[in-house]
Amino acid sequence: MVFNNHTQFTEEPGLYSCFTSLVGTKHRTIKMAMVSEFLGQLSLNAATVDPTYPALVPFKDFDPGTDAARIETAIKTKGVDESTIIDILTKRTYSQRREIAFAYEKRAKKEMIPALKDALSGSLESVILGLMKSTAQYDASVIKGSIKGLGTDEETLIEIVCSRSKAEMLEIKRVYKELFKKDLDKDVAGDTSGNFAKLLLALVQGQRADPSSIVDYQKIDDDARALYEAGVKRKGTDVACWISILSERSAPHLQKVFQKYKSYSPYDMQESIRKEVKGDLEKSFLTLVDCLENKQLYFASRLNDAMKSKGAKEKVLTRIMVSRCEVDLRKIRGEYKTQYGESLHKTIFEHTKGDYQRALLSLCGGDD
């Protein structure tokens, strides 16, 4: 479907005929502006919901009562039957795991999550307990963990805040308030400072524009030139300008801006960031641009670094596998294979072991 400034459109096969059949033959003379508005609304609604590519999908022939009974037996078994717990909970979606937890509580007269916490330990415990939260609850808990106590885990904070979509971020904010009785904005502001804090707060506040069916080439050019003039072209960096553009424009718009930027600057956007800013602000801008260009490739790179760098970073590996398994892990797998020449499944198998390995391989799904 293509729109221009005169509200003309080219119809998608069947969409216009479907619309006219709904209003009846008698009214097929409806004004084109009304049809355009109808189709534009469909396009807008579709655009504001990010597509998902889950590796973990609803389990067929699901029976929460049977699953709850098997988990209760697995927990009570001498030495704990981790394999059964893994087999069930890593092959059920969050909504199904919730049903299992309700059935377990009804059956065992106690809550399932504390029982799992007592039964499991180490990396496997982190995976399983993470799966017992919704994606937004998990992200909110990870953010809370990164800023509580002495010192801040900036790496984790940057990964979550700079990679989540507007819709995801708004849901994280809502859940954060629900879980911790505090505003995420205030907690982030209280634990960071300077331009780093300003960028994170701009993202947390969810001011990013929704994608539009209309491509505004003048605005693309204006933004590309503004980014260049605020950075590489001048002495010093107008960070406020960068924050404004990179946190408020839609992802499809910014992808075109980054392409246009190359016609003004001798460097691409990532190279410009490296030249202009340092430290946590540099890492944040780079993460943001990487995710705007190809979020799944960003996560694939993070997974590869976590497994192949010295001293495997299990927390990073766990965080990405748990938080993305019902969002876009299937597409992350595809980007991983394209980028690194071997499957994510194979890499996990080579760099992890034991029950932790079994849990991650199950979440990963196919060996593609």
Within a 6.0 Å radius of atom NZ on Lys353, are there more than 12 heavy atoms belonging to other residues, nucleotides or ligands?
no

Using a distance-only test with no angle check, is there a side-chain donor-acceptor pair under 3.5 angstrom linking Ser126 and Tyr356?
no

Quick check on Arg225: does its CZ atom have over 12 non-hydrogen neighbours (other residues, nucleotides or ligands) under 6.0 Å away?
yes

If you round to the nearest 0.5 Å, how far is CG of Leu286 from SG of Cys291?
11.0 Å

Within a radius of less than 6.0 Å around OH of Tyr267, do more than 12 heavy atoms belonging to other residues, nucleotides or ligands occur?
no

How many angstroms lie between atom CG of Asp223 and atom CZ of Phe258, to the nearest 0.5 angstrom?
10.0 Å

Decide side chain to side chain donor-acceptor pair (under 3.5 Å) for Tyr336 and Thr347; before the verdict, give the C-alpha distance in whole Å, the side-chain angles of both, and the deciding distance to 0.1 Å.
CA-CA 10 Å; Tyr336 193 96; Thr347 310; 3.2 Å; yes

Using 0.5 Å steps for rounding, measure from the OG1 atom of Thr287 to the NZ atom of Lys295.
12.0 Å

As an exercise, state the distance from NE2 of His253 to CD of Glu248, rounded to the nearest 0.5 Å.
11.0 Å

Using the salt bridge (charged side-chain N to carboxylate O under 4.0 Å, His left out) definition, which of the options Lys144, Lys148, Lys177, Lys181 pairs with Asp187?
Lys144

Side chain proximity check, Ile348 to Met321, heavy atoms < 4.5 angstrom:
yes

Test log, rule salt bridge (charged side-chain N to carboxylate O under 4.0 Å, His left out), inputs Lys346 and Glu350
CA-CA 6 Å; Lys346 183 172 183 286; Glu350 290 172 347; 2.6 Å; yes

Using 4.0 Å as the upper bound for N to carboxylate O, is an ion pair formed by Glu125 and Lys117?
yes

Check: Glu159 and Ile320 side chains under 4.5 Å, non-hydrogen atoms
yes

Asp221-Tyr264 side chain donor-acceptor pair, cut-off 3.5 Å:
yes

So does Tyr261 get a backbone contact from the side chain of Ser265, meaning a donor-acceptor N/O pair under 3.5 Å?
no

Just by distance, do the side chain of Thr237 and the backbone of Val239 share a donor-acceptor pair under 3.5 Å?
no

NZ/NE/NH1/NH2 to OD/OE distance under 4.0 Å, Arg274 and Glu271:
no

From Glu293 atom CD to Leu288 atom CG, the distance as rounded to the nearest 0.5 Å:
10.5 Å

Please determine, by modelled atom types, if Lys91 and Ser362 share a side-chain donor-acceptor pair under 3.5 angstrom.
yes

Exactly one of Arg208, Arg324, Lys173 should register a salt bridge (charged side-chain N to carboxylate O under 4.0 Å, His left out) with Glu168. Which one does?
Arg324

Between Asp305 and Lys308, does at least one N-O distance fall below 4.0 Å, as a salt bridge requires?
no

Minimum side-chain heavy-atom gap Thr90-Ile128 below 4.5 Å
yes

Is the closest side-chain heavy-atom distance between Ile143 and Leu157 below 4.5 Å?
yes

Any side-chain heavy-atom pair from Leu56 and Leu329 closer than 4.5 angstrom?
no

Between Glu154 and Lys283, is there a side-chain N and carboxylate O pair less than 4.0 Å apart?
no

Pair Lys337 + Asp368: basic N to acidic O under 4.0 Å
no

Which heavy atom of Cys364 sits nearest to which heavy atom of Arg333, and what is that distance?
O-NH1, 2.6 Å

Contact check, side chains of Tyr104 and Glu111, non-hydrogen atoms, under 4.5 Å
no

Do other residues, nucleotides or ligands put more than 12 heavy atoms under 6.0 Å from the OH atom of Tyr94?
yes

Check this for me: does any side-chain nitrogen of one of Asp81 and Arg70 sit under 4.0 Å from a carboxylate oxygen of the other?
no

To the nearest 0.5 Å, tell me how far Lys275 NZ sits from Glu282 CD.
11.5 Å

Gln96 side chain to Pro64 main-chain N or O, any donor-acceptor pair under 3.5 Å?
no

Side chains of Arg319 and Lys313: does their closest heavy-atom pair fall under 4.5 Å?
no

Shortest non-hydrogen contact from Ala140 to Leu179?
CB-CD1, 4.3 Å

Quick one: do the Thr93 and Glu326 side chains pair a donor with an acceptor below 3.5 Å?
no

Considering only heavy atoms from C-beta outward, does the side chain of Tyr340 approach that of Ser301 to under 4.5 Å?
yes

For the residue pair Trp242 and Leu227, what are the closest heavy atoms and their distance?
NE1-O, 3.0 Å

Given the ring of Phe59, does Arg92 sit roughly above its face, with NZ or CZ under 6.0 Å from the centre of the six-membered ring and within 45° of the axis?
yes

